[in-house]
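Keep in mind that the numbers below use all heavy atoms, side chains included, and drop hydrogens, waters and symmetry copies. Below, chains carry the letters A, B, ... as their sequence lines are ordered, and counting in each starts from 1.
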There are 2 protein chains.
Amino acid sequence: MAAATAGACSKGCSKRWREGMSGPAPIVCDACPVADRAVCSALSPEDRGELARIGHHRRYARGETIVAAGDSATVCATLTRGAAKMSSIDRDGTERIVALVHPAGMLGQLFAPTATLHVTALTECEACLFPAAHVAALSDKRPALARRLLAEVSRELDESRALIDLISKRQAKGRVAALILAFARAASPAPCHDAETFDLPLTRGEMAQLLGITIETVSRTLTALEDAGIIARQGSHGIAILDRDALDDLASA
Amino acid sequence: MAAATAGACSKGCSKRWREGMSGPAPIVCDACPVADRAVCSALSPEDRGELARIGHHRRYARGETIVAAGDSATVCATLTRGAAKMSSIDRDGTERIVALVHPAGMLGQLFAPTATLHVTALTECEACLFPAAHVAALSDKRPALARRLLAEVSRELDESRALIDLISKRQAKGRVAALILAFARAASPAPCHDAETFDLPLTRGEMAQLLGITIETVSRTLTALEDAGIIARQGSHGIAILDRDALDDLASA
DNA sequence: CGTTACATTGATCTCTCTCAAAATTCGTGG
DNA sequence: CCACGAATTTTGAGAGAGATCAATGTAACG
């Protein structure tokens, strides 16, 4: 299933694995936290039931590979809980994060004959997986689904362009500030206002890749933001926003 | 129609305007250079004919605004000739290019109720414009079109991610090299191999915005590439690739 | 309790930005 | 067709931000 290099998890997942990371399980839409937002919401209950029988639900540990670049059996998945990253690997082995996926987002590339991107769990997370071919076939019969898929990919495109915005900030402070705000938005249950306290589910290395700066600069910048009283930190990943306006200013610079 | 600031063209287009930049004209698919590649190729001749009657064809001068951010009557357009850029404008007036569009590509945002991005002609170019609502309605009736639209947006997404790749290179040389290669690819009529000599239809300023570096650095980098015998220049926009391997090396760094 | 991975901090160097001026290109008008 | 003027591009010198190299600190796991 996974590509050769993707099996090893360097982040100490083995314990959690043994603790009972669940394998493939049936899909129960009634309990789905994103039933109203995800792509499947475009389907009638009957159609959704049919799709639910074809696909399955899985839980992933942090660091686990969800889709490996090179996989030929393309899946179309919806993230129901947690966060994931999509990344490409250069010939020289450098990883490059090209997208972050939050709950209700789609994982995988619906159209590529083989996946060109790795999809990796950033936190413990859950997803519903479907064979891409089935989804494509169903969308031919259900215009509402086709339209919803189109809207979802368009949304991903907008997000991708927002990411471009993020990393084309000139200064490191601006990039880090924008990243913090992006996660504040994603971490909030309500779309209208952001979370004030949340976890950045990225290592410093991942943040550095994403922002196009070095690990050291990320670290120094976070320290500077904390010293300036703009954020507070709890452990290495916990963030509390103390001065939202200052963060906005930095992010738009 | 256009936003306040978008009307002025600082690039001396007035003459070409007067020379007879054509206004809206009927669509003639027989003469279309991208009839086999564009989204409309998914339609039957009859459906395409119907769409052609609804939409119209226009030519744009370099620097002209095709879609202005804020436009509420959303159009769905196909670029048939030339090159265009999509960009957002920050609150502080900084332009940020988030996508380049080449022939057969789609312009505009099919789903946004109002456009969030400016679309501007980079070269003299031509496009077929359709009301987005009509295209969306037709795609509900024609699964083939819906699928083709989905594929197109997915392709745009891939391109957007490629752009992220481009601007997350650490060094300016790598970014410029990658940009040159991207245009070499786009300028070539054959998909299998790139053009060796072509025009970069961007000003230094546009390249700088795109790459997240300054005009001066772009200029210096091009000079350095020329001094190193990797490229040759003809005028300020003509590029000839002399050492493809060296360029590849720089671009992947 | 030691090992490993991750994060922070420090010192130095390189690259890019900034400010400034010269050179070139291109459109315009004579 | 040539000459002028505006915009763009190139080049230079100096300053600043981030990269790099290196070491210390901290947390998680076996």
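In this structure, CD of B:E226 is placed 14 Å from P of C:dT24, rounded to the nearest angstrom. Between A:Q171 atom CD and D:dA19 atom P there is a gap of 12 Å when expressed in whole angstrom units. Following rounding to the nearest Å, B:R62 (CZ) and C:dT25 (C1') show an atom-to-atom distance of 13 Å. One interatomic measurement links the two molecules: CE of A:M207 to P of C:dC6, which rounds to 15 Å at whole-angstrom precision. The distance between atom CZ of B:R204 and atom P of D:dA7, rounded to the nearest whole Å, is 18 Å. Here the P atom of nucleotide C:dA20 and the CD atom of B:E216 are 12 Å apart, to the nearest Å. Atom CG in B:L222 sits roughly 10 Å away from atom P in D:dT9 (whole-Å rounding). The nearest whole Å value for the distance from the CG atom in A:L202 to the C1' atom in C:dA5 is 17 Å.
Heavy-atom nearest nucleotides on DNA chain C were determined for B:K173 and for A:G235, and the one closer to the 5' end corresponds to A:G235.
In the model, A:R96 has a side-chain atom that pairs as donor or acceptor with a side-chain atom of B:S168 under 3.5 Å.
Between B:H237 and D:dT8 there is no side-chain N or O to OP1 or OP2 distance below 4.0 Å. A close approach under 4.0 Å does not occur between any side-chain nitrogen or oxygen of B:S219 and OP1 or OP2 of D:dT11. Distances shorter than 4.0 Å separate none of the side-chain N or O atoms of B:T217 from OP1 or OP2 on C:dT16. Distances shown here put a side-chain N or O of B:T214 below 4.0 Å from the OP1 or OP2 atom of C:dC17. A close approach under 4.0 Å does occur between a side-chain nitrogen or oxygen of B:R233 and OP1 or OP2 of D:dT10. A sub-4.0 Å separation between OP1 or OP2 of D:dT11 and a side-chain N or O of B:T223 is present.
A:I66 places none of its side-chain heavy atoms less than 4.5 Å from the side chain of A:E64. Side-chain contact between A:V176 and A:I180 is present, with at least one heavy-atom pair separated by less than 4.5 Å.
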| Derivation and outcome, side-chain contact (heavy atoms from CB on, under 4.5 Å), residues A:R204 and A:S236 | CA-CA 9 Å; A:R204 295 288 181 271; A:S236 51; 4.2 Å; yes
| message | Before you tell me yes or no, could you show the steps for A:L210 and A:I167 under side-chain contact (heavy atoms from CB on, under 4.5 Å), namely the whole-Å CA-CA distance, both residues' side-chain angles and the distance that decides it to 0.1 Å? | response | CA-CA 8 Å; A:L210 193 64; A:I167 55 185; 5.6 Å; no
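Residue-level contact check: B:I213 touches the backbone only, with heavy atoms under 4.0 Å from sugar-phosphate atoms and none from bases.
Donor-acceptor pairing under 3.5 Å, judged by distance alone, is present between the side chain of B:R220 and the base of C:dT18. No donor-acceptor contact under 3.5 Å links the side chain of B:R170 to the base of D:dG18.
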